[in-house]
Amino acid sequence: MSASAVFVLDLKGKPLISRNYKGDVSMAEIDHFMPLLMQKEEEGALTPLLTHGKVHFLWIKHTNLYLVATTMKNANASLVYSFLYKVVEVFSEYFKELEEESIRDNFVVIYELLDELMDFGFPQTTDSKILQEYITQQGNKLETGKSHVPPTVTNAVSWRSEGIKYKKNEVFIDVIESVNLLVNTNGSVLLSEIVGTIKLKVFLSGMPELRLGLNDRMLFELTGRGKNKSVELEDVKFHQCVRLSRFDNDRTISFIPPDGDFELMSYRLNTQVKPLIWIESVIEKFSHSRVEIMVKGGKEFLMRAHFGLPSVEKEEVEGRPPIAVRFEIPYFTVSGIQVRYMKIIEKSGYQALPWVRYITQSGDYQLRTQ
């Protein structure tokens, strides 16, 4: 089961707009949400799911708004939260900035969007590009007896419109890996993981089918190629366009892509990573009024700073926070993942150029100081 109703509230808990999808939960139940949230916040026990009697509130906060879904059933919480974040994404696409003022200025459009986004508590059309084909910010008069629903809504491929044409057909592939790392003062790695995403920018005509090949370890084992130069991907998540049954069968990533920018997939590698960038720091205190900090990065950079401080007779033991490092390394992936091929198949037979770019960047990358 999914949501019974969806509300958008201001910071005081006053409903700005709402949509009742199933009618099994009283709309007045939302009055209990803000007092319950404030109570839990004071107790230090605030959770993303709050319960009042038999009613559950699943909520998220965005700028100066609360988006709340109510349900009495044992709802699929992950589906509801994904939907609420999708609502934020769609509204932001329409109104640029999603805040209280943009809600008040666009009631008519928002009611139309809420009708299309969900039906009887279940998500329906949530792709903003498709919604923008028939829900615009300009008021449109309805013509009785005529349907204006674009074919993409009823198509099997609802995320891509028909009739797209480009003079030059190209696909840009970005493989981006973020390194999360925590290093102790003695240089030992306490925590390390790689979080990766593959993003595409698609400028292709027609309805092309794309097939992406990676140096996936399971694929190499299935085809008898061994494990050399292969990567074992974990927690893989795909865009809805990917044919999951085919991926489960033979590890082929096959899909008809949306037009423009989108994230094809994400993955995680919980593996031992050697520090890509090493920082040494020394903090020295002189008398009661001067501190010298020396930070050394590898063999190339050295920073020495002197701070004059007010004279302090009694010194307290201070904790030294870790050094957070920000970096970006082009043409490199720390996991070794590679795009082996990108096949583009379209009935007109045109030639298309795929371009691949690799980037490794810092995620939560921290080194503890001495």
Side-chain angles (χ1 to χ4, degrees), residues 82-83 85-96 106 108-119 122-174 197-213 237-247 252-265 339 341-357:
S82 295
F83 175 76
Y85 282 109
K86 197 68 182 179
V87 169
V88 170
E89 183 183 319
V90 170
F91 285 4
S92 298
E93 286 281 336
Y94 267 82
F95 315 128
K96 305 304 178 188
N106 295 280
V108 174
V109 175
I110 291 171
Y111 274 120
E112 290 185 53
L113 288 171
L114 290 175
D115 280 342
E116 297 298 333
L117 286 164
M118 181 170 276
D119 184 31
F122 291 93
Q124 298 298 311
T125 305
T126 58
D127 191 308
S128 59
K129 290 180 182 177
I130 303 303
L131 289 166
Q132 284 170 359
E133 289 186 24
Y134 63 105
I135 298 178
T136 63
Q137 287 174 274
Q138 291 77 32
N140 289 322
K141 293 182 180 179
L142 293 177
E143 296 180 31
T144 309
K146 292 186 179 181
S147 174
H148 294 279
V149 179
T152 43
V153 174
T154 52
N155 265 359
V157 186
S158 61
W159 53 86
R160 184 179 178 88
S161 303
E162 293 183 356
I164 297 172
K165 291 184 180 179
Y166 287 101
K167 288 183 178 179
K168 190 175 183 181
N169 293 287
E170 295 178 303
V171 180
F172 296 89
I173 307 166
D174 281 346
T197 57
I198 297 181
K199 298 181 179 181
L200 269 63
K201 188 177 287 188
V202 177
F203 303 107
L204 295 175
S205 305
M207 278 284 183
E209 179 181 342
L210 276 59
R211 294 175 190 167
L212 178 68
K237 297 175 185 176
F238 289 111
H239 186 275
Q240 62 175 328
C241 66
V242 175
R243 296 186 176 93
L244 296 180
S245 56
R246 178 153 188 186
F247 180 76
T252 299
I253 303 172
S254 174
F255 57 99
I256 295 174
D259 188 44
D261 298 343
F262 74 102
E263 184 177 298
L264 176 67
M265 63 180 286
V339 175
Y341 63 83
M342 167 65 84
K343 294 181 180 177
I344 302 166
I345 305 164
E346 213 278 332
K347 60 183 180 182
S348 64
Y350 61 69
Q351 296 295 313
L353 297 172
W355 305 90
V356 184
R357 180 174 62 169

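Remember, predicted model here, so these are calculated numbers, not experimental data.
Residues Ile130 and Arg160 approach most closely at CD1-N, 4.2 Å, considering heavy atoms. The minimum heavy-atom distance between Ser128 and Glu93, with the atom names listed, is OG-CG, 3.5 Å. Considering every non-hydrogen atom in both Arg357 and Asp174, the closest pair reads NH2-OD2, 2.7 Å. Across all non-hydrogen atoms, the minimal contact from Leu117 to Thr125 is CD2-O, 3.4 Å. When all heavy atoms of Val242 and Leu264 are compared, the closest pair comes out as CG2-CD1, 3.6 Å.
Every residue meeting the side chain to side chain contact (heavy atoms under 4.5 Å, CB included) condition with Lys237, not counting sequence neighbours, appears here in chain and number order: Ser266. With sequence neighbours left out, the side chain to side chain contact (heavy atoms under 4.5 Å, CB included) criterion links Pro258 to Trp159, His239, Cys241, Phe262. Val108 pairs by the side chain to side chain contact (heavy atoms under 4.5 Å, CB included) definition with Glu112, not counting sequence neighbours.
Side-chain N/O atoms of Tyr166 and Asp259 include a donor and acceptor closer than 3.5 Å. For Ser161 and Glu133, the side-chain atoms include at least one donor-acceptor pair closer than 3.5 Å. Under the 3.5 Å distance criterion, with hydrogens and angles disregarded, no donor-acceptor pair is assigned to the side chains of Glu346 and Ser205. Side-chain N/O atoms of Gln132 and Tyr94 include no donor and acceptor closer than 3.5 Å.
Contact of the Phe91 side chain with the Leu114 side chain is registered, since non-hydrogen atoms from C-beta on lie closer than 4.5 Å. For the pair Tyr350/Leu204, a side-chain contact is recorded, criterion being any heavy-atom separation below 4.5 Å from C-beta on. For the pair Lys86 and Pro123, the minimum side-chain heavy-atom distance is 4.5 Å or more. Within the 4.5 Å cutoff, the side chain of Val109 has heavy atoms near those of the Ile135 side chain. Contact annotation: the side chain of Ile253 approaches that of Phe238 to within less than 4.5 Å [non-hydrogen atoms, C-beta and beyond].
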Task: Steps toward side chain to side chain contact (heavy atoms under 4.5 Å, CB included) verdict (Leu131, Val90) - done: CA-CA 9 Å; Leu131 289 166; Val90 170; 3.9 Å; yes

- [ ] Take Asn106 and Phe95, measure what side chain to side chain contact (heavy atoms under 4.5 Å, CB included) needs, and give me the verdict at the end.
- [x] CA-CA 8 Å; Asn106 295 280; Phe95 315 128; 3.5 Å; yes

- [ ] Kindly determine whether Arg211 and Ile345 satisfy side chain to side chain contact (heavy atoms under 4.5 Å, CB included), including the steps that lead there.
- [x] CA-CA 8 Å; Arg211 294 175 190 167; Ile345 305 164; 3.6 Å; yes

Open item on the list: Quick one, Glu209 with Arg243, criterion salt bridge (Lys or Arg N to Asp or Glu O under 4.0 Å). Give me CA distance, side-chain angles, the key distance, then yes/no.
Closed with: CA-CA 11 Å; Glu209 179 181 342; Arg243 296 186 176 93; 3.4 Å; yes

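For the atom pair CE of Met118 and OG1 of Thr126, the computed distance is 10.0 Å after rounding to the nearest 0.5 Å. Once rounded to the nearest 0.5 Å, the distance linking CZ of Arg246 with OG1 of Thr252 reads 4.5 Å. Rounded to the nearest 0.5 Å, atoms CG (Asp261) and NZ (Lys199) are 9.0 Å apart. The distance from atom CH2 of Trp355 to atom CD of Glu170, rounded to the nearest 0.5 Å, is 6.5 Å. If you take CG on Asn169 and NZ on Lys165, they are separated by 11.5 Å, rounding to the nearest 0.5 Å. Atom-to-atom distance recorded for Ile198:CD1 and Ile173:CD1 is 8.0 Å, nearest 0.5 angstrom.
Both tests hold for Lys343 against Tyr341: distance to the six-membered ring centre under 6.0 Å, angle to the ring axis within 45°.
Distance alone, capped at 3.5 Å, is enough to place a donor-acceptor pair between the Gln124 side chain and the Phe122 backbone.
Within 6.0 Å of OH in Tyr85 there are 12 or fewer heavy atoms belonging to other residues, nucleotides or ligands.
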